[in-house]
Amino acid sequence: QLTMKLEDGSKPSVLTEIPWQPDKATEILNAVQEIRSFVEAGESIQEANQKRLKALGKESGKAPALREFDWVAAADDFLKSMESRREGTLDDLRIRVRRFKLTLKSRPTPNDGPSLMRAFARLYFDEVYPPDHKKAGQLRLPPGKDGRRRNLRDVARILRHGIEEMGAPERWQPLPPRKMSGLIGSAVTETVTKAKTIPVLPEDFVALLDNLEADGKLELRLAVGLVGLYGLRPSELAVMRLDDDGKLYIGGQVKRDAKAIEQGTEKPERLVKPLDINGREGLGKRMAMLWNNGRGQIKLPMAIRNEIAKVEEKNTFKEVGAAFSQLLTRYRYWKILVKKTPGLKSYSLRHGWAWRAHKNSDKQLHYSQAAALMGHATRVHLDYYSSWVNDEELEKAVEAYNLNLKDVAS
């Protein structure tokens, strides 16, 4: 029996499962230290003992054969604490918890958080798809990708859960972010060729809108027009806002990076602007007014509206973009454009905005301006769209520069 003496004279106590015997001296001392640490953290002596038992995997009161911390029980308890998450997230967590448990059995046996995380990476980061898979020979979790980042993030969350909720020793703290980045690695850019970015050219975009109108598909025409004229990601149709001045804003963050997900942060609203097409000036603003926050003359297609309504339930915007893509790829004139320009995709409407920004006016947008309006970093913008620069353009640009030099005095 372990008893506390408090300042007010009270003496709360708890009966442990440990027999009062000389050969149990070390076990008794360990129990006293563990219970005291929980009490100092604000728990009652009874709660402290329960946490100690839970940490040892012996809530029944039966002593285990070993006094080592039960990480299998901790992983199961972590998964149980995540039960409120959506089913897709739970499926991923179950896979990572199973991998965590298997890592515990690896050799050499991990004896702290860093060694466990390194063993986890050694076991799963070089795993390849089997020969009968469509990705045969490719890494399941390639360097620098979100797959590695998400797996290590969840391993770290299990470790912290064991320490904070179940009393695991501090040596099980996960790797610090800098060392974790070393396990994640960098994307192998020198051996991977980025897929060619194919835009919808202005004449094809106009023809697509005209055909949609002629076929009476006004709702799909609205969605296509907003994506193409404003350079939106299709999933951003879910987070548009038109203000009283007729300016369109994109709210939230439909494409979150790992840091934003971990921290629960969102990007602020961003202003988006339509790029006019010769002969169709002002069409972007007119389409935004036709939509008018979903209360205008024309609504978005029902399939897209249904997925927008499910965003909160599914905790993802991905299906909004998928619904848009499905409607577009089934449309007859889009199929004609794909035959004309192989590789064309629904995202090519957004790429078309970038093409017009840099190719369709004598006063081109600067790359940083276009990147800001599209909602990504300038580096990302250059990665995707700098391939459109050719030798002829470079020669003309330098010639124009040399013909318009400023006087040194000015």
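Side-chain atoms are counted along with the backbone in the values below, which use heavy atoms only and exclude waters and symmetry mates.
Looking at Asp77 and Lys80, no side-chain N of the basic residue comes within less than 4.0 Å of a carboxylate O on the acidic one, giving no salt bridge. For Asp112 and Arg171, the salt-bridge test fails: no basic side-chain N is under 4.0 Å from an acidic carboxylate O. A salt bridge links Lys314 with Glu307: the closest approach of a Lys/Arg side-chain nitrogen to an acidic carboxylate oxygen falls below 4.0 angstrom. Taking the charged nitrogens against the carboxylate oxygens, Glu43 and Lys51 do have a contact shorter than 4.0 Å, which makes a salt bridge.
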Practice task
Just do the side-chain contact (heavy atoms from CB on, under 4.5 Å) check on Lys145 and Arg150 with the steps written out, would you?
Solution key: CA-CA 9 Å; Lys145 298 296 183 180; Arg150 286 192 292 265; over 6 Å; no

Exercise for the section: Test salt bridge (charged side-chain N to carboxylate O under 4.0 Å, His left out) on Arg140 and Asp126 and set out the steps. Expected result: CA-CA 7 Å; Arg140 290 178 184 267; Asp126 292 333; over 6 Å; no

Practice task
Under the side-chain contact (heavy atoms from CB on, under 4.5 Å) rule, what do Val239 and Phe317 come out as? Steps first, then yes or no, please.
Solution key: CA-CA 9 Å; Val239 288; Phe317 291 89; 3.5 Å; yes

Problem - Stepwise side chain to side chain donor-acceptor pair (under 3.5 Å) test for Arg148 and Asn151 - result: CA-CA 5 Å; Arg148 288 194 176 194; Asn151 271 262; over 6 Å; no

Exercise for the section: Dump the intermediate steps for side-chain contact (heavy atoms from CB on, under 4.5 Å) on Arg241 and Leu248, then the final yes or no. Expected result: CA-CA 6 Å; Arg241 180 181 70 84; Leu248 194 64; over 6 Å; no

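The number of heavy atoms from other shown groups lying within 6.0 Å of CG (Asn278) does not exceed 12. Enclosure of atom CZ in Arg36 is not indicated, since only 12 or fewer non-hydrogen atoms of other residues, nucleotides or ligands lie within 6.0 angstrom. Applying the 6.0 Å contact sphere to NZ of Lys179 captures no more than 12 heavy atoms from other residues, nucleotides or ligands. Annotation for Asp8: atom CG counts as buried by contact number, over 12 foreign heavy atoms lying within 6.0 Å. Enclosure of atom CZ in Arg332 by more than 12 non-hydrogen atoms of other residues, nucleotides or ligands within 6.0 angstrom is indicated.
Looking only at side-chain heavy atoms (C-beta outward), Glu219 and Leu222 stay at 4.5 Å or farther from each other. In this structure the side chain of Leu116 reaches within 4.5 angstrom of the side chain of Trp172, judged on heavy atoms. You'll find the side chain of Tyr230 stays beyond 4.5 Å of the side chain of Met240, heavy atoms only.
Listed for the Asp215 side chain is no donor-acceptor partner under 3.5 Å among the backbone atoms of Lys217. Counting only distance, with no hydrogens or angles, the side chain of Arg270 and the backbone of Ile250 share no donor-acceptor pair below 3.5 Å. Using modelled atom types, one side-chain atom of Ser115 and one backbone atom of Asn111 make a donor-acceptor pair closer than 3.5 Å. The backbone N or O of Val338 lies less than 3.5 Å from no partner atom in the side chain of Thr341, so there is not a single donor-acceptor pair. When atom types are taken as modelled, the side chain of Gln364 and the backbone of His358 share a donor-acceptor pair closer than 3.5 angstrom. The backbone N or O of Met374 sits less than 3.5 Å from a side-chain atom of Arg350, completing a donor-acceptor pair. Under the 3.5 Å distance criterion, the side-chain polar atoms of Ser325 are left unmatched by any main-chain donor or acceptor of Gly321. Under a 3.5 Å cut-off, the side chain of Arg221 and the backbone N or O of Leu209 do form a donor-acceptor pair. Listed for the Glu213 side chain is no donor-acceptor partner under 3.5 Å among the backbone atoms of Asp210. With hydrogens and angles disregarded, a donor-acceptor distance shorter than 3.5 Å links the side chain of Trp353 to the backbone of Leu229.
The structure places NZ of Lys339 at 15.0 Å from CH2 of Trp334, a figure rounded to the nearest 0.5 Å. To the nearest 0.5 Å, atoms CG (Leu15) and CG (Leu2) are separated by 10.0 Å.
The side-chain hydrogen bond (donor to acceptor under 3.5 Å, both in side chains) pairs that include a residue from residues 288-306 number zero, where partners must be two or more places apart or lie in different chains.
Here the closest non-hydrogen pair linking Leu175 and Met117 is N-SD, 3.3 Å. When every heavy atom of Arg85 is checked against every heavy atom of Leu90, the shortest pair comes out as O-CD1, 3.6 Å. The heavy-atom pair separating Ser81 from His161 by the smallest distance is OG-CE1, 4.1 Å. Scanning both residues, Ala288 and Leu242, for their nearest heavy atoms gives O-CD2, 3.4 Å. Taking both residues in full, the closest heavy atoms of Asp276 and Glu281 are given as CG-CA, 3.9 Å, listed atom of the first, atom of the second, then distance. Of all heavy-atom pairs spanning Ser13 and Gln1, the tightest one is OG-NE2, 3.0 Å.
Taking the ring centroids of His351 and Tyr385, they lie under the 6.0 Å cut-off.
Aromatic ring orientation, Tyr124 versus Phe120: tilted (interplanar angle from 30° to 60°).
Take Tyr331 and apply the ring-ring contact (aromatic ring centres under 6.0 Å, His included) test, not counting sequence neighbours, and it matches no residue.
Looking at Gln50 and Glu47, their side chains never bring a donor and an acceptor atom within 3.5 Å of each other.
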